[in-house]
Undergrad: 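I'd like to ask you about the structure that follows.
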Amino acid sequence: MNVPNQARSSLSILVLHGPNLNLLGLREPGIYGSVTLAEIDQLLQQEASSLSCQVVTLQSNHEGVLVDAIQAARTQHQGILINAGAYTHTSVALRDALAAVALPVVEVHLSNIYQREPFRHHSFIAPVAVGQISGFGVESYRLGLLALVHTLKTGARAN
Ligand code: CA2
């Protein structure tokens, strides 16, 4: 886990990246772009600084590791920003963990999952998230963090 600017703020966000996202910038740049995951994490750290909050990032290819991180977040973080990768479309376990911790969740995707294959159109996470941002590349993460921090600071929800 990457934990800079820790002492700066009491608001802490857990950022979770799911399977294969460690390959970003290294494979298939035509679909997911040329930015690496380390660069995305760096961008989020900078954005967090300007929002006076802290982000802790974790990537895992293992569903159970992500479930453990979500469960642990209950006592360590105030919100979760998640790109669950392919687990978005398959994982009841991640959805149950997110529902159980009851922290505000924002779901993000680099690609527009609704313009892609039909099996990517369903998200198990969307029903337990405050909202979803999909299709803006790296901007999806930045916008997602902004939306999550706004939700936490104002309590704003659309419904
Ligand atoms: O668009 C997204 O952010 C996705 O969550 C990415 C997932 C995909 O399964 C979701 O449907 C949408 C895939 C991440 C795989 O990332 C790679 C990066 C480089 C090379 C290969 C895979």
Side-chain angles (χ1 to χ4, degrees), residues 1-3 12-48 50-51 53-73 77-152 158:
M1 286 204 194
N2 181 9
V3 194
S12 178
I13 307 296
L14 177 64
V15 178
L16 292 176
H17 308 286
N20 297 309
L21 286 161
N22 55 313
L23 297 178
L24 278 177
L26 310 174
R27 305 265 192 286
E28 302 192 55
I31 303 179
Y32 297 113
S34 55
V35 178
T36 65
L37 193 63
E39 288 167 338
I40 291 177
D41 286 347
Q42 200 180 1
L43 176 148
L44 289 172
Q45 294 292 351
Q46 284 164 2
E47 195 66 25
S50 68
L51 292 167
C53 70
Q54 174 199 335
V55 294
V56 174
T57 63
L58 172 72
Q59 187 276 332
S60 180
N61 294 325
H62 305 277
E63 194 174 18
V65 171
L66 295 167
V67 169
D68 286 345
I70 292 166
Q71 289 184 11
H77 304 285
Q78 285 69 55
I80 299 176
L81 183 69
I82 184 167
N83 181 353
Y87 288 148
T88 304
H89 320 297
T90 63
S91 181
V92 176
L94 285 185
R95 177 208 176 112
D96 285 352
L98 290 168
V101 293
L103 294 173
V105 174
V106 171
E107 174 185 357
V108 297
H109 297 285
L110 295 156
S111 61
N112 181 341
I113 57 175
Y114 303 100
Q115 283 181 345
R116 302 186 64 190
E117 304 94 324
F119 66 83
R120 295 187 205 273
H121 297 182
H122 177 261
S123 166
F124 278 102
I125 294 177
V128 296
V130 179
Q132 183 195 68
I133 297 170
S134 174
F136 296 96
V138 175
E139 266 308 281
S140 292
Y141 279 94
R142 207 180 62 77
L143 293 168
L145 181 62
L146 206 61
L148 183 54
V149 171
H150 178 75
T151 301
L152 285 164

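Numbering of ligands and ligand atoms starts at 1, following listing order.
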Undergrad: Can you name the closest pair of heavy atoms from T88 and S123 and give their distance?
TA: CG2-OG, 3.4 Å
Undergrad: Applying a heavy-atom cut-off of 4.0 Å, say which part of L110 lies close to ligand 1: side chain, backbone, both or neither.
TA: both
Undergrad: Does the ring center of F124 lie less than 6.0 Å from the ring center of H122?
TA: yes
Undergrad: What atoms in ligand 1 come closer than 4.0 Å to a heavy atom of H89?
TA: 10 (C), 11 (O)
Undergrad: Tell me which one of R120, H17, H121 gets a heavy atom nearest to atom 9 (O) of ligand 1.
TA: R120
Undergrad: Checking a contact table here: which protein heavy atom is nearest atom 21 (C) of ligand 1, and how many Å away?
TA: E28 OE2, 3.5 Å
Undergrad: Which of the numbered atoms in ligand 1 are under 4.0 angstrom from any heavy atom belonging to L24?
TA: 18 (C), 19 (C)
Undergrad: Mind checking whether V108 and V106 have side chains closer than 4.5 Å, heavy atoms only?
TA: yes
Undergrad: Please list, in number order, the atoms of ligand 1 under 4.0 Å from a heavy atom of A86.
TA: 9 (O)
Undergrad: Is it the case that ligand 1 has an N or O less than 3.5 angstrom from some N or O of H109?
TA: yes
Undergrad: How close does the nearest protein non-hydrogen atom get to atom 14 (C) of ligand 1, and which residue and atom is it?
TA: L21 CD2, 3.8 Å
Undergrad: Please check whether R116 reaches ligand 1 - meaning an N/O of the residue sits under 3.5 Å from an N/O of the ligand, judged on distance alone.
TA: no
Undergrad: Flag S111 as yes when one of its N or O atoms lies below 3.5 Å from any N or O atom of ligand 1, and as no otherwise.
TA: yes
Undergrad: Quick one: look up the protein heavy atom nearest atom 13 (C) of ligand 1 and list residue, atom name and how far away it is.
TA: Y32 OH, 3.3 Å
Undergrad: Write out all pairs satisfying side chain to side chain donor-acceptor pair (under 3.5 Å) with one or both partners inside residues 130-151, taking only residues at least two apart or from two chains.
TA: H17-Y141, E47-R142, N83-Y141, E107-Q132, Y114-Q132, E139-R142
Undergrad: Do L51 and L145 come within less than 4.5 Å of each other through their side chains, counting heavy atoms only?
TA: yes
Undergrad: For the residue pair I13 and L148, what are the closest heavy atoms and their distance?
TA: CG2-CD2, 3.6 Å
Undergrad: What protein heavy atom sits nearest atom 17 (C) of ligand 1, and how far off is it?
TA: N20 O, 3.5 Å
Undergrad: Determine, using heavy atoms of T88 and all atoms of ligand 1, whether some pair is separated by less than 4.0 Å.
TA: no
Undergrad: Could you tell me if the side chain of Q59 sits less than 4.5 Å from the side chain of N61, heavy atoms only?
TA: yes
Undergrad: Are the side chains of V56 and V15 in touch, meaning some heavy atoms are under 4.5 Å apart?
TA: no
Undergrad: Considering both backbone and side-chain atoms of N83, is one of its nitrogen or oxygen atoms within less than 3.5 Å of a nitrogen or oxygen in ligand 1?
TA: yes
Undergrad: Identify, with sequence neighbours excluded, every residue that meets ring pair (Phe, Tyr, Trp, His ring centres under 6.0 Å) alongside H62.
TA: none
Undergrad: Atom 19 (C) of ligand 1: which protein heavy atom is closest, and how many Å away?
TA: R27 O, 3.2 Å
Undergrad: Side chains of V105 and V128: closer than 4.5 Å at any heavy-atom pair?
TA: no
